[in-house]
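Letters A, B, ... are given to chains in the order of the sequence lines, protein chains preceding strands, and every chain is numbered from 1. Just the heavy atoms: all of them, side chains too, but no hydrogens, waters or symmetry mates, feed the values below.
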2 protein chains.
Amino acid sequence: MGRDRRDTRRDMVLSAVEVLRERGADAVTLDAVLSRSGAPRGSIYHHFPGGRSEILSEALEFAGDAIAVRIERVAEAGATAALRDFSVFWKKILHDSDYTAGCPVVSVAVSNADEDGAQLAGRARDIFERWCDAMRRALVGDGLTPRTAERLATMVIASVEGAVVLCRARRNMAPLDDVVEELGLLIDAEKFLARNKHPRQRASTDKDRS
Amino acid sequence: MGRDRRDTRRDMVLSAVEVLRERGADAVTLDAVLSRSGAPRGSIYHHFPGGRSEILSEALEFAGDAIAVRIERVAEAGATAALRDFSVFWKKILHDSDYTAGCPVVSVAVSNADEDGAQLAGRARDIFERWCDAMRRALVGDGLTPRTAERLATMVIASVEGAVVLCRARRNMAPLDDVVEELGLLIDAEKFLARNKHPRQRASTDKDRS
DNA sequence: GTCTATACGAAGATAGAC
DNA sequence: GTCTATCTTCGTATAGAC
């Protein structure tokens, strides 16, 4: 339990994250992780007694946590800053990978595999929840009501994640640029409505809630 | 080339679409398609000489085309109607599958597999493009400028697609409800800006375009 | 800790019988 | 058209040597 685990184990997790981003959960095979990380085959069950399942789970956790921490940190600077930082993060991923890499959490969420797939899906849910919550706090700090902030935070995460998928498909940054610009307008609009205390009519009536 | 292909072949494609929605592209195995459709094993290479690759390709095409036609049809009734219809479509998919099914095009886009994966990714791009274009025309019909309409159309597709992913993860409709409501506000805001001819300052300067 | 060897199953694809 | 082998490859996992 010391910290003699350094290179090999960490490299394997990072490689698993890469594969997860580029080719989805099903593509995170032991061979793929080994060839990427250069780790020796004999190290697999030494570092990960749970085998592939454990590697995949840890990769998801690692990647989701890193992004969550990032959002939470910059959220104190306000929603606009958080949105900008979130966007910059994905643009770097997209650019550095030449549009072959996307969001690892989305990858897990859309491949509801069999057995441990349910457990992974649950973790994906928690990670998304954490991202939304950090963004929501940033929006509350900007003066929005809790309910509006929650709705808008979901909008930010959903639209950026969707844009990342579109950017991969189109192999350019246009969708993310478009979404960020519209989100900026939307945040301003919500702030305006909040300042002027105009409880505009909403389309939905808060039914269908969980 | 007649039309004696009826049950078996079509059933296989429909089953492939289901698997694609629920478990991603890699999960579209011949066994999965056969067990779902009930088709006989010997029919595979009779109906699909290209094997698995051909089945997957046709499933993507079939699903993407159906949605494109749907958007294009309702787009004539305006952007708000198109958004509502698009949302209703996904809510039905989510509800009927108990949140186990999502967008088949996203599934393909995030699993950039090796060989024919590149070809599939190209098809996914075309399908997204077609969806965005139909939504863009609806927005132009509502009085928005071409550039604003294009940006907002991308926003609609991206945010709804992202919301579908979040709905699957959370197993409820809240993300989609939130996104649709915010999109309604955004469409109204853009219409207002267009009507009042206020060329507001934009954050981006149209660089980084493809 | 890392290596090799091996077992086992899943999956794609082909050949030939019916 | 459909079925039954069969081949091959790949991926997970284990055992035992070094």
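We find that OH of A:Tyr45 is positioned 16 Å from P of D:dG16, with the value rounded to whole Å. The CD1-C1' distance, from B:Ile44 to C:dA11, rounds to 10 Å in whole Å. Put simply, CG on B:Leu34 is 10 Å from P on D:dC3, counting in whole angstrom units. When rounded to the nearest whole Å, the span between CZ of B:Phe48 and P of C:dG12 equals 14 Å. When rounded to the nearest whole Å, the span between CZ of B:Arg52 and C1' of C:dA11 equals 9 Å.
Between the side chain of B:Thr100 and the main chain of B:Ser97, a donor-acceptor pair closer than 3.5 Å is present.
Side-chain atoms of A:Leu30 lie closest to D:dA13 of the nucleotides D:dT2, D:dA13, C:dG12. The side chain of A:His47 sits closest to C:dT2 out of C:dA11, C:dT2, D:dT2. Proximity note for B:Thr29 (side chain, C-beta onward) versus D:dT2, C:dA11, C:dT2: the nearest is C:dA11. Considering only the side chain of B:His46, D:dG1 comes nearest among D:dG1, D:dG11, C:dT2.
Proximity of A:Ser43 to the phosphate of C:dT2: a side-chain N or O atom is located under 4.0 Å from OP1 or OP2. For B:Arg41, no side-chain nitrogen or oxygen approaches OP1 or OP2 of D:dC3 to under 4.0 Å.
Looking at A:Arg151 and B:Asp177, no side-chain N of the basic residue comes within less than 4.0 Å of a carboxylate O on the acidic one, giving no salt bridge. Under a 4.0 Å N-O distance rule, the pair B:Arg123/B:Asp126 qualifies as a salt bridge. Salt bridge absent: B:Arg36 and B:Asp11 never bring a charged side-chain N and a carboxylate O closer than 4.0 Å.
Each of A:Pro49 and A:Asp31 has a nearest nucleotide on DNA chain D; the 5'-most of these lies closest to A:Asp31.
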